[in-house]
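Reading through the structure tokens given below for one structure.
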Amino acid sequence: MRSLWNDSDAADYHGDLGQRVYSSRLLGRDRSLVLHGGGNTSVKSEVTNVFGEAEQVLYVKGSGWDLETIEAAGFSPCRMSHLLRLAGLEALTDAQMAVELKRSLTDLNAPMPSVEAILHAIIPARFVDHTHADAILTMTNSPDGEKRVRELFGEQLVYIPYVMPGFKLARLCATLFPRHAGPDTIGMLLLNHGLFTFGDTAKSAYERMIQLVTRAESYLAEHQAWDVPLGPMPDSAPTAFARSDIAALRRQVSDIAGVPMTLAVHDDDEARRFTCRADLPELSHQGPATPDHVIRTKRIPLIGRDVDCYARAYRAYFAANSERGLTMLDPAPRVILDPGLGLYTVGRSAKDAAIVEDIYRHTMEIEVRAAALGGWRALPERDIFEVEYWDLEQAKLRTGGAAPVFAGEIALVTGAASGIGNACVDALLAGGAALVGLDISPRVVDLYRRKDYLGVRCDLTDDAAVRVALDRAVKAFGGLDMLILNAGVFPASAPIASLSSEEWRRTMSINLDVNLLLMRESHALLRLAPRGGRVVVIGSKNVAAPGPGAAAYSASKAAMQQLTRVAALEWGEDRIRINTIHPNAVFDTGIWTPEVLASRAASYHMTVEKYKTNNVLGVEITSRQVAALAAELCGPVFAATTGAQIPIDGGNVRVI
């Protein structure tokens, strides 16, 4: 492991808290040290309180903050005197501890302090770092793990047997640390949990962490337990998956969870190697690398695709360990290992599924390294259960409040790179959906850099390209719940007498044929949507009130409307609803070039400005207004509506 410390960069971070921010971010950048909110750091500093008195304060990472991106505001300022008094108590429930940690704050607007704040306070050094380093977990989760680390690190560490995080752990450390710490002590090892290092400067605490973890990595390398293949390479190429099979698996998981879930497919060589191991059940069904991971991954993965069997086993696990009238969490898996085919990760959102993937890829490496060292051995089931159902850990998952309306659902928008399509992308992302955007423009690929967006450059007139795009969508998110058919062309004005066959066919191809293809290919996915499939077609005022010079456009949109009416009749039994929005004069879209706008205005003998607001209300219609209506049609308000045609045109006289 390489130290990332740079004296020049560090000089830009001023004061104790600035230095704390800098080194915390260095730790957070290394996924082999901490993952997604894991680990914590602190610094002890002196401040002047409102009475003008000097006061010792512990700035400790606040709950909900990630070390990689933490800022000064992410550290909770706790009065040291209060924390040290708490450490001296014989007993305290974790709920009481949480209240007392809140009381210790010098700023009530600060985030809730880490549950390990008391533990940080009892360590006398100014800067304290805590990680869940892969190499350390590999050693401690193996036979004779404690003996190995004691032999490797000797008096440099104080060794703490595993105790569930919370007050019991803080109290145990308060008892054992002063008893066993010596002049050579630079850290503390919580067996099966994580490593602490400390020092009088941010640099010394950080570089001690790097030093100790590097030594553990070297130890594993010396024992042929570091660069270990995850498994044998499968003999055959990966089996091509059927979109509907993956969507069906996602539907089963969602039904068991009681809410829509996203499911990501990972069939790369490393994932397939691991799932090909002969000892996969023994290796993967012991438990997570550290108890903290259970709230993301559950205790064990599902091997194969029998979701019902997994749910029965989870209910039995809950019944065997629950003693306090707890309410069971959903019994759906978060990790699915499909032997020979790959790793599937599940989450309430695409971001959650990505976090599960990140955690489990590290878990796979830790497990195979520990196996090479002599055997993988996780904590007993009961210890993992206590963390999974620990009130303070569950609070971390509840801090987000009510789930967004489209949480766990997947939408696909055509013509997503601009205009109404782009506005629909924004609206559905804001509602919590994972989003697949299709467009012929390469802009669509990089519109957003986030886990819940997949942009695919796609020529919708190419049947094969559309099928590949749908494959990618299902592989990324697990299925399809909402389809927004928006892509279209609005050709230059031309009377029928001079309308070319080529222009007619091009318009029909893009405005009609493409949508038939997408509907046909998406039907099997939409019928598996946990809350029922939804299709929204972006139609046109021209369906009800065509204009001169727009024969191809008007006819294609009218034909599309007939197609949607038939689909509404045919698809209702599959719980798929399909509705149409008829916008008019939405001028912030790609089809309304200045030339087209001027041409259409001239055909009505109007100025451009008058043409823009030529409706009963005298208002201009925007893409965002159309997108908001499209999103609403996908939501619960219109759950009993299908086959509807809704104008959004400011009131067109001819339509009315």
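Residues: numbered from 1 along the sequence shown. Basis for what follows: all heavy atoms, side chains included, without hydrogens, waters or symmetry-related copies.
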Under 3.5 Å side-chain donor-acceptor pair for Thr507 and Ser556: no

Tyr453: partners by ring-ring contact (aromatic ring centres under 6.0 Å, His included), with sequence neighbours left out: Tyr448

Residue pairs, two or more places apart or on separate chains, that pass salt bridge (Lys or Arg N to Asp or Glu O under 4.0 Å) and touch residues 614-643: Asp426-Arg624

Pair Ser32, His362: side-chain N/O donor-acceptor within cut-off below 3.5 Å: no

Residue pairs fulfilling side chain to side chain donor-acceptor pair (under 3.5 Å) with at least one residue in residues 476-486, sequence neighbours excluded: Arg250-Asp481

Sequence neighbours excluded - side chain to side chain donor-acceptor pair (under 3.5 Å) pairs with any residue from residues 252-264: Arg251-Asp255

Non-neighbouring partners of Asp513 that pass salt bridge (Lys or Arg N to Asp or Glu O under 4.0 Å), sequence neighbours left out: none

Side-chain touch Val265/Ile246, heavy atoms, less than 4.5 angstrom: yes

All side-chain contact (heavy atoms from CB on, under 4.5 Å) counterparts of Ala311, not counting sequence neighbours: Ile256, Arg315, Pro331

Lys/Arg cation over aromatic Phe75: Lys61, 6.0 Å, 45° cone: no

Qualifying residues under side chain to side chain donor-acceptor pair (under 3.5 Å), relative to Asp459, sequence neighbours excluded: Thr461

Residues in side-chain contact (heavy atoms from CB on, under 4.5 Å) contact with Ala568, at least two apart in sequence or another chain: Ile578, Thr642

Set of ring-ring contact (aromatic ring centres under 6.0 Å, His included) partners for His293, sequence neighbours left out: none

Sequence neighbours excluded - salt bridge (Lys or Arg N to Asp or Glu O under 4.0 Å) pairs with any residue from residues 561-587: Arg527-Asp574

Those residues that, when tested against Tyr13, pass ring-ring contact (aromatic ring centres under 6.0 Å, His included) (two or more places apart): Tyr22

All ring-ring contact (aromatic ring centres under 6.0 Å, His included) counterparts of Trp571, not counting sequence neighbours: His523

